[in-house]
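What follows is a short report on a single structure.
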Amino acid sequence: MGIFQGAFFIVGTGIGAGFISGAELARFFPSVGFVLPVMLSSVLFFLECLLFLRLGKRYGGYFGTLNSLFGRGATVVSVVICLCALVPCAGMLAGLNSLLPSLSPLPALVGLAVVLLCIRKGMAGISALNSVLVPALLVFIFACSGGGRAEFATENLLPYGNGLLYACMNAFLAAPVLMDAGREMKRTVPPAAMASAVIGAGALCILSAVYGAGDGALNAEMPFLFVMRGSKLFFVAAALAILTSLASAIYPMLCLCGRLNGKKKNAAKIGVLFAALLLSSLGIGGIVRVLYPVLGFG
């Protein structure tokens, strides 16, 4: 991957349904003084992405890194990562269903089918998906989030801890796909820096718009949709964001299942995908409120 292709790849792993809806951002970055916490979180996300990219480049990808660092415990670690990946995977599927609730769970099933077709081609498939969808997604975010307000006040320390936790969660959950991507990248620092800066800028734009819209946006399950006043463009952008992050969330689970033999491999894949669909029934708001804090503090 080149610099821009690598940056699009990383952005695609960090922007999902909860991000573009504003639900995750409003949860982890309260209204008082959110600018500096977002900036610090972006720096932390950059450092973590760079770490995982470098590990993948040095040890030959995801499983190569696990085997080198954990030895016989690599399988246990990969199982834990797989279980953690269920949460964002369920969030992406819930996001798809929330776009067309009357057709649920058909949107989630269609999204799964599209992503699985891309993942069959490995990193090349995911990279192609992100290279096509992410630029369109970024144009939407920066074009449609004008106005609002941004505060630099620092008297409230809550945004710092929650914001850093948010960065850690996103980088950790993207670790498997980042490690395999690092193996394919010519350079790791420029794409990681570019992606982190773009994600941080997008977060500032969305938070400014959401907090500027008042309590109506904050009480909505999808605050940024409230700001957009139900614009159909939002649904298109949300679908793009969901597909890019869904690929990264499913990837480690399918990698682990792929190491099994024969019928066990297919049974395991069906099992994890069914579990993700089941968890998605909580809805994106329920997943962000209940499962994300458990995942972060666990």
Side-chain angles (χ1 to χ4, degrees), residues 1 4-21 24 45 49 52-53 56 61-63 78 81-99 105 107-138 169-185 191-192 195 198-199 202 236-258 268-270 272-277 279-280 284 287:
M1 299 183 196
F4 287 99
Q5 193 176 17
F8 290 148
F9 186 97
I10 297 171
V11 171
T13 68
I15 291 182
F19 182 96
I20 198 170
S21 72
E24 287 181 2
F45 183 74
C49 284
F52 293 129
L53 291 171
Y62 174 44
F63 283 113
S78 64
I81 292 175
C82 179
L83 292 174
C84 292
L86 276 174
V87 175
C89 184
M92 298 306 110
L93 296 175
L96 285 173
N97 286 332
S98 68
L99 297 178
L109 294 175
V110 173
L112 268 179
V114 172
V115 167
L116 291 175
L117 285 175
C118 293
I119 290 180
R120 288 186 63 183
K121 297 182 179 180
M123 285 295 102
I126 299 177
S127 180
L129 178 72
N130 288 359
S131 294
V132 172
L133 301 186
V134 168
L137 178 61
L138 294 178
M169 286 172 55
N170 279 278
F172 169 74
L173 294 171
V177 72
L178 288 175
M179 290 178 192
D180 275 354
R183 183 180 54 194
E184 309 294 333
M185 287 185 182
V198 168
I199 291 175
V236 175
L240 300 184
I242 291 168
L243 291 177
T244 58
S245 288
L246 182 59
S248 299
I250 291 177
Y251 185 78
M253 298 188 292
L254 297 185
C255 284
L256 179 62
C257 296
K269 289 180 179 180
I270 293 173
V272 295
L273 294 178
F274 178 78
L277 285 168
L279 287 176
S280 71
I284 187 170
I287 290 172

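In what follows, residues are counted from 1 in the order of the sequence shown. Treat the numbers as computed from the prediction; the structure is a model and nothing was measured.
When side chains are defined from C-beta on, Phe45 counts as touching Ile10, because their heavy atoms get closer than 4.5 Å. Residues Asn170 and Phe19 are not in side-chain contact: their nearest non-hydrogen atoms beyond the backbone lie 4.5 Å or more apart. Side-chain contact between Ser245 and Thr13 is absent, with no heavy atoms from C-beta onward closer than 4.5 Å. Between Leu173 and Val87, the closest side-chain pair of non-hydrogen atoms is not below 4.5 Å. Contact check for Leu116 versus Leu254: side-chain heavy atoms found under the 4.5 Å cut-off. In this structure the side chain of Ile81 reaches within 4.5 angstrom of the side chain of Tyr62, judged on heavy atoms. Leu109 places none of its side-chain heavy atoms less than 4.5 Å from the side chain of Leu96. Between Leu112 and Ile250, the closest side-chain pair of non-hydrogen atoms falls below 4.5 Å.
Taking both residues in full, the closest heavy atoms of Ile199 and Gly14 are given as CD1-CA, 4.2 Å, listed atom of the first, atom of the second, then distance. Considering all non-hydrogen atoms of both residues, Met253 and Ala85 come closest at CG-CB, 4.1 Å. Smallest separation of non-hydrogen atoms from Met185 and Gly6: CE-CA, 3.6 Å. The minimum heavy-atom distance linking Leu137 with Leu240 is given by the pair N-CD1, 4.4 Å. A pairwise comparison of heavy atoms in Ala239 and Leu99 identifies N-CD1, 3.8 Å as the closest pair. Ala90 approaches Leu279 most closely through the heavy-atom pair CB-CB, 3.5 Å.
Within the model, atoms CD1 of Ile126 and NZ of Lys121 stand 12.5 Å from one another, a figure rounded to the nearest 0.5 Å. Note: Ile242 CD1 to Ile15 CD1 = 12.5 Å, rounded to the nearest 0.5 Å. One distance of note links CZ of Phe8 with CG of Leu138; it measures 7.0 Å at 0.5 Å rounding. Taken to the nearest 0.5 Å, the SG atom of Cys257 stands 7.5 Å off from the CG atom of Leu273. Between atom SG of residue Cys118 and atom CG of residue Leu129 there is a gap of 4.5 Å, rounded to the nearest 0.5 Å. Taking CG from Leu86 and CD1 from Ile287, the interatomic distance works out to 10.5 Å, rounded to the nearest 0.5 Å.
Ser280 contributes no side-chain N or O that, together with a main-chain N or O of Gly91, makes up a donor-acceptor pair within less than 3.5 Å. Proximity of a side-chain donor or acceptor of Ser127 to a complementary backbone N or O of Met123 within less than 3.5 Å is not detected. Of the possible polar contacts, none joining the Ser131 side chain to the Ala128 backbone as a donor-acceptor pair under 3.5 Å is found.
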